[in-house]
Amino acid sequence: MASPSFPLPLAAILCIYIVLPISAELQRFQHHQKHDGSLIFLVVGDWGRKGQYNQSLIAAQMGKMGDKLDIDFVVSTGDNFYNSGIKDVNDPLFRLSFSNIYTAKSLRKQWYSVLGNHDYRGNALAQISPLLRKIDRRWFCQRTFILNAGVAEFFFIDTTPFISDYFNDPIHHYDWRGLFPRQKYLKNLLKDLEKALMQSTARWKIVVGHHAIRSIGHHGDSPELVKHLVPILKANNVDMYINGHDHCLQHISSRDSPLLYLTSGAGSKAWRGDVKENHSDLVKFFYDGQGFMSVQMNETLTNIAFYNVFGENIHQWRVAKSMLHSSI
Ligand SMILES: *[C@@H]1O[C@H](CO)[C@@H](O)[C@H](O)[C@H]1NC(C)=O
Ligand SMILES: *[C@@H]1O[C@H](CO)[C@@H](O)[C@H](O)[C@H]1NC(C)=O
Ligand SMILES: *[C@@H]1O[C@H](CO)[C@@H](O)[C@H](O)[C@H]1NC(C)=O
């Protein structure tokens with residue numbers, strides 16, 4: 001009696017398939033810090049509205065501040081194009097809401113960006129396509145990636161697929177191509193993030209995502225991120241989690257760790273006016289209007305500031321890097 005057997009090539013393919021890791025390692029990129037070992041960048045989020053809702057005013061103030069501080073790059077916390085991302089790589093919105101708005105010389109630097117929920121309502125693959133860099137070479141947007149910038153390492157993460165509500169949204173369509181099965185995607189993302197954070201030897205560890213972990217603004221906390229991200233961030237001594245989503249500026253400190261929750265999602269439409277009274281962590285600053293954030297860091301000190309539409313510094317503080325903290 002002949003026993004069933006796979007032809008050898010098929011057996012080999014099955015075998016290879018099984019031993020391959022399900023996800024590839026997170027892609028890593030490098031941005032050189034200044035010669036003196038410092039790093040300076042601006043953060044803006046929730047902006048792309050063809051200049052409307054004070055987007056152009058904020059862009060002009062970012063240009064001035066970028067020049068004054070001699071920034072290395074810009075971080076965008078997502079919701080880059082309203083209302084529904086971009087249609088394809090030739091969508092005029094890319095120029096109308098990005099290239100034609102952030103025209104200052106100091107902003108002609110790399111823009112490192114994540115996708116927001118509104119970006120997922122359009123063609124998410126187009127927004128992360130390298131073809132956009134042919135139109136404007138400042139643009140750099142990926143779902144999840146690591147940026148090594150010397151004194152700091154950045155972990156940009158794709159937070160939209162964490163939020164269950166979007167998968168039960170009867171009104172809007174989301175471009176989930178490449179994300180199913182969802183649970184596997186999220187599990188791999190968390191595993192890759194945790195591994196990368198554990199391996200990181202950077203002085204400062206910064207995680208950037210669109211959705212807030214902690215927020216007293218309109219959307220409030222994201223329970224999915226509180227549950228899945230916070231333990232990983234705290235266990236790996238992440239210094240700050242930076243997000244957008246709520247159209248405001250916020251500085252929140254966690255009660256039991258040095259982790260800071262910073263919202264910079266005030267790049268255009270703001271003044272929502274519905275602030276939550278209840279919150280789990282220490283709210284140090286909240287501003288409901290348009291604005292952006294600057295971060296200046298070196299080996300020992302980080303200086304963080306928020307600015308309004310007039311370019312006025314409305315909140316500023318310093319964080320010192322204690323030698324003890326990083327050696328635990
Ligand atoms: C633009 O900014 C000014 C100053 O903060 C504010 O009074 C005005 O309401 C803003 N416009 C919009 C559309 O938010
Ligand atoms: C605020 O939080 C406390 C403690 O979690 C709770 O007892 C209280 O009902 C909350 N109040 C509101 C208005 O949500
Ligand atoms: C970091 O910056 C602060 C403030 O500018 C400065 O006093 C300090 O010497 C710098 N540290 C290093 C290691 O360059």
Side-chain angles (χ1 to χ4, degrees), residues 31-73 77 79-83 96-97 100-102 104 118 148-153 201-206 217-219 237 239-240 244-251 258 260 263-275 285-327:
H31 194 113
H32 291 290
Q33 63 186 13
K34 293 193 194 332
H35 291 302
D36 66 359
S38 66
L39 185 72
I40 305 168
F41 57 96
L42 300 182
V43 185
V44 67
D46 306 77
W47 40 266
R49 297 182 194 267
K50 296 189 266 188
Q52 293 163 2
Y53 296 96
N54 288 345
Q55 186 195 357
S56 296
L57 290 180
I58 291 295
Q61 297 300 352
M62 285 172 65
K64 283 187 198 164
M65 199 50 65
D67 183 41
K68 190 171 158 192
L69 299 178
D70 187 20
I71 58 164
D72 296 290
F73 52 78
T77 56
D79 274 4
N80 307 316
F81 300 96
Y82 284 98
N83 243 338
L96 296 173
S97 288
N100 296 359
I101 302 292
Y102 302 100
H118 282 267
N148 187 292
V151 72
E153 194 157 34
T201 56
R203 198 83 175 108
W204 302 89
K205 296 183 202 178
I206 302 173
H218 176 69
H219 297 289
N237 300 324
D239 298 281
M240 49 191 105
H245 196 48
D246 268 330
H247 300 173
C248 58
L249 303 172
Q250 301 184 82
H251 166 198
L260 295 174
T263 299
S264 182
S268 60
K269 200 175 188 177
W271 300 113
R272 188 88 190 212
D274 54 350
V275 183
F285 178 76
F286 175 87
Y287 179 68
D288 203 25
Q290 283 95 358
F292 62 100
M293 179 169 90
S294 72
V295 182
Q296 299 167 264
M297 53 199 346
N298 67 17
E299 284 271 307
T300 50
L301 208 65
T302 286
N303 196 327
I304 305 168
F306 288 125
Y307 309 89
N308 63 12
V309 81
F310 307 110
E312 293 161 349
N313 182 329
I314 49 176
H315 179 63
Q316 176 168 347
W317 76 105
R318 289 174 155 203
V319 186
K321 191 60 154 176
S322 95
M323 299 293 181
L324 286 170
H325 173 51
S326 58
S327 66

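Numbering of ligands and ligand atoms starts at 1, following listing order.
For ligand 1, the polar-atom distance check against Asn54 finds a nitrogen or oxygen pair separated by under 3.5 Å.
Residues satisfying the side-chain hydrogen bond (donor to acceptor under 3.5 Å, both in side chains) criterion with Ser264, sequence neighbours excluded, are absent altogether. Partners of His118 according to the side-chain hydrogen bond (donor to acceptor under 3.5 Å, both in side chains) rule, which considers only residues two or more places apart in sequence or in another chain, do not exist here. Judged as a side-chain contact (heavy atoms from CB on, under 4.5 Å), and not counting sequence neighbours, the contacts of Asn54 are Leu57, Gln290, Val309.
With a heavy-atom cut-off of 4.0 Å, Gln52 does not touch ligand 1 at all.
Judged by distance alone, the side chain of Ser56 and the main-chain N or O of Ile101 form no donor-acceptor pair under 3.5 Å.
Using bins of under 30°, 30° to 60° and over 60° for the plane-to-plane angle, the ring pair His245/His219 lands in the parallel bin.
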Could you go through ligand 3 and list every pair where one of its N or O atoms sits under 3.5 Å from a protein N or O, giving the atom names and the distance to one decimal?
| unit_1 | atom_1 | unit_2 | atom_2 | d |
| --- | --- | --- | --- | --- |
| ligand 3 | 2 (O) | Asn298 | ND2 | 2.3 |
| ligand 3 | 11 (N) | Asn298 | ND2 | 3.0 |
| ligand 3 | 11 (N) | Thr300 | OG1 | 3.1 |
| ligand 3 | 14 (O) | Asn298 | ND2 | 3.4 |

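For Phe285 and Phe306, the ring centers are positioned less than 6.0 Å apart.
The distance from atom CG of Asp246 to atom NE2 of His218, rounded to the nearest 0.5 Å, is 7.5 Å.
Taking every non-hydrogen atom of Val309 and a distance limit under 4.0 Å, the qualifying atoms of ligand 1 come out as 2 (O), 4 (C), 5 (O).
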